[in-house]
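Quick notes on the structure that follows.
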Amino acid sequence: MKSGNKVLIIGSYQGIGNRLARLYLNNGDQVFATYSRLKPKGFTSKNICFLKLELNNQKKFIVFIKKLKKIKFDVALFVAAVDASSIRIRKKYCMWNNLSIVEFAKMLSINCFSHIKILEYMMKKKLLNTKAKMIFFSSLAGSIYNRGKLKHNKKGGDLIYRISKAALNVAVKNIAYDFSDTDYSIVAIHPGWVRTRSGGKNANLSISYASKKIFNLIQNLKVKDSGKFLNYNGITLKW
């Protein structure tokens, strides 16, 4: 994939989204990056535009889409997510014996619905090039097939987060199928266990390493890959 592309990154304040923004800028691309509260710091390039977007406020989605005007995006990365460690979520009510419909709705809305709704708006307004790549950042935590089969799996944990990522996976698979007669590439990816705020300091991948692998994966993504659930290194995962 050549440089000079227009890239949208939903969630760029920190972690992988922030690092990917820098990689695309270094590649000579034009980046449009969102943040929910604090504007990311340390960017000096004139090729980046920051836009505020609160994924838990769907009434403002249309305002956000209008700010994109008539830009034709080549790449759209849906990175932002919350889990039980987020300051927006009450962890206690994401666990068995204390499940809350409020936390469930909040997490499902941010981690799944907000992304597919924004994509729907983008398609309606024709804000995607005909060969656009749409990448949804999911997690192995949302894999139904792999639950309980991985070495690190334990019983219990953030049930609502797992459900929200499984819902995102279903959405990606269905949307990719619905647009299988186009040249779009629509995939879900597992970024790996990364040393981010949510991943923790014991994770086995650095943000820099994981982001570079993901960047390369996206660069080499083909239409035939649409509808897949991919690991950060390009290996196909089971849903």
Check the pair K124, I65 against side chain to side chain contact (heavy atoms under 4.5 Å, CB included), reporting the backbone distance first and the verdict last. CA-CA 10 Å; K124 283 183 177 180; I65 292 297; over 6 Å; no

With side chain to side chain contact (heavy atoms under 4.5 Å, CB included) as the test, would you mind laying out the steps for I189 and F137 before giving the verdict? CA-CA 5 Å; I189 69 167; F137 283 63; 3.6 Å; yes

Show your working on side chain to side chain contact (heavy atoms under 4.5 Å, CB included) between L25 and F43 and close with a plain yes or no. CA-CA 10 Å; L25 288 173; F43 287 86; 3.7 Å; yes

I would like to know whether F104 and I163 meet side chain to side chain contact (heavy atoms under 4.5 Å, CB included); could you show each step before the answer? CA-CA 9 Å; F104 181 87; I163 293 172; 3.7 Å; yes

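Looking only at side-chain heavy atoms (C-beta outward), L55 and I10 come within less than 4.5 Å of each other. Residues K70 and K126 have side chains not in contact (no heavy-atom distance under 4.5 Å, counting atoms from C-beta outward). Using a 4.5 Å heavy-atom threshold, the side chains of L20 and V31 count as separate. Side-chain contact between L8 and I71 is absent, with no heavy-atom pair separated by less than 4.5 Å. The closest side-chain heavy-atom distance from Y93 to V102 is not below 4.5 Å. Counting heavy atoms from C-beta outward, I62 and K66 have side chains that approach closer than 4.5 Å. Considering only heavy atoms from C-beta on, F61 comes within 4.5 Å of S114 through its side chain. Residues D158 and M95 meet the side-chain proximity criterion, which asks for heavy atoms closer than 4.5 Å.
The number of heavy atoms from other shown groups lying within 6.0 Å of CG (L159) is above 12. Heavy-atom neighbours of K117 NZ from other residues, nucleotides or ligands within 6.0 Å: above the threshold of 12. Taking a 6.0 Å sphere around NZ of K72, one finds it holds more than 12 heavy atoms contributed by other residues, nucleotides or ligands.
M107 and W96 fall within the same hydrophobic cluster, defined by Ile, Leu, Val, Met, Phe, Trp and Tyr side-chain heavy atoms under 4.5 Å apart, directly or through other members. The same ILVMFWY cluster, assembled from side-chain heavy atoms under 4.5 Å apart, contains both F78 and I116. If you chain together hydrophobic residues whose side chains sit under 4.5 Å apart, L108 and I101 fall into the same group. The cluster map of Ile, Leu, Val, Met, Phe, Trp and Tyr, joined by side-chain heavy atoms under 4.5 Å apart, puts L205 and L230 in the same cluster. By the rule that hydrophobic residues join a cluster once side-chain heavy atoms approach within less than 4.5 Å of another member, L119 and F64 end up as members of one cluster.
To the nearest 0.5 Å, atoms CG (N129) and OH (Y184) are separated by 8.5 Å. Distance CZ/F113 to CD1/I118: 10.0 Å, rounded to 0.5 Å. If you take NZ on K222 and NZ on K133, they are separated by 6.5 Å, rounding to the nearest 0.5 Å. In this structure, CZ in R147 is found 3.5 Å from CZ in R162, a value given to the nearest 0.5 Å. Interatomic distance, CD1 of I175 versus OG of S180, reported as 12.5 Å (0.5 Å rounding). The NZ atom of K106 lies 5.0 Å from the CD1 atom of I89; values are rounded to the nearest 0.5 Å.
The shortest heavy-atom contact between K173 and G227 is NZ-O, 3.3 Å. Scanning both residues, P191 and S138, for their nearest heavy atoms gives CD-O, 3.5 Å. For the pair S226 and A176, the tightest heavy-atom approach, listed with the atom from each and the gap, is OG-CB, 3.7 Å. When all heavy atoms of K92 and N98 are compared, the closest pair comes out as O-CB, 3.2 Å. Here the shortest heavy-atom pairing between V187 and L221 reads CG2-CD2, 3.9 Å. In plain terms, the two heavy atoms of P40 and N18 that are nearest each other are CB-ND2, 4.0 Å.
Between F136 and H115, the ring planes lie perpendicular to each other; the angle is over 60°, past the 30° to 60° tilted range.
In this structure, N231 contributes its side chain and N233 its backbone to no donor-acceptor pair below 3.5 Å. Proximity of a side-chain donor or acceptor of S36 to a complementary backbone N or O of E54 within less than 3.5 Å is not detected. The backbone N or O of I9 lies less than 3.5 Å from no partner atom in the side chain of S12, so there is not a single donor-acceptor pair. Within the 3.5 Å criterion, the main-chain N or O of V82 finds a donor-acceptor partner in the side chain of N111. Remark: side-chain polar atoms of E103 are not paired, donor with acceptor, to backbone N or O of C94 under 3.5 angstrom. Under a 3.5 Å cut-off, the side chain of D74 and the backbone N or O of A132 do not form any donor-acceptor pair. Using modelled atom types, one side-chain atom of N26 and one backbone atom of R22 make a donor-acceptor pair closer than 3.5 Å.
Partners of K6 under the salt bridge (charged side-chain N to carboxylate O under 4.0 Å, His left out) rule, at least two apart in sequence or in another chain, do not exist in this structure.
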Under 3.5 Å, which donor-acceptor pairs do the side chains of residues 44-53 form with other protein atoms, sequence neighbours left out?
residue : atom : partner : partner atom : Å
S45     : OG   : N47     : N            : 3.0

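In this structure, F32 has its ring center closer than 6.0 angstrom to the ring center of F73.
A donor and an acceptor atom, one from each side chain of S185 and D225, are nowhere located under 3.5 Å apart.
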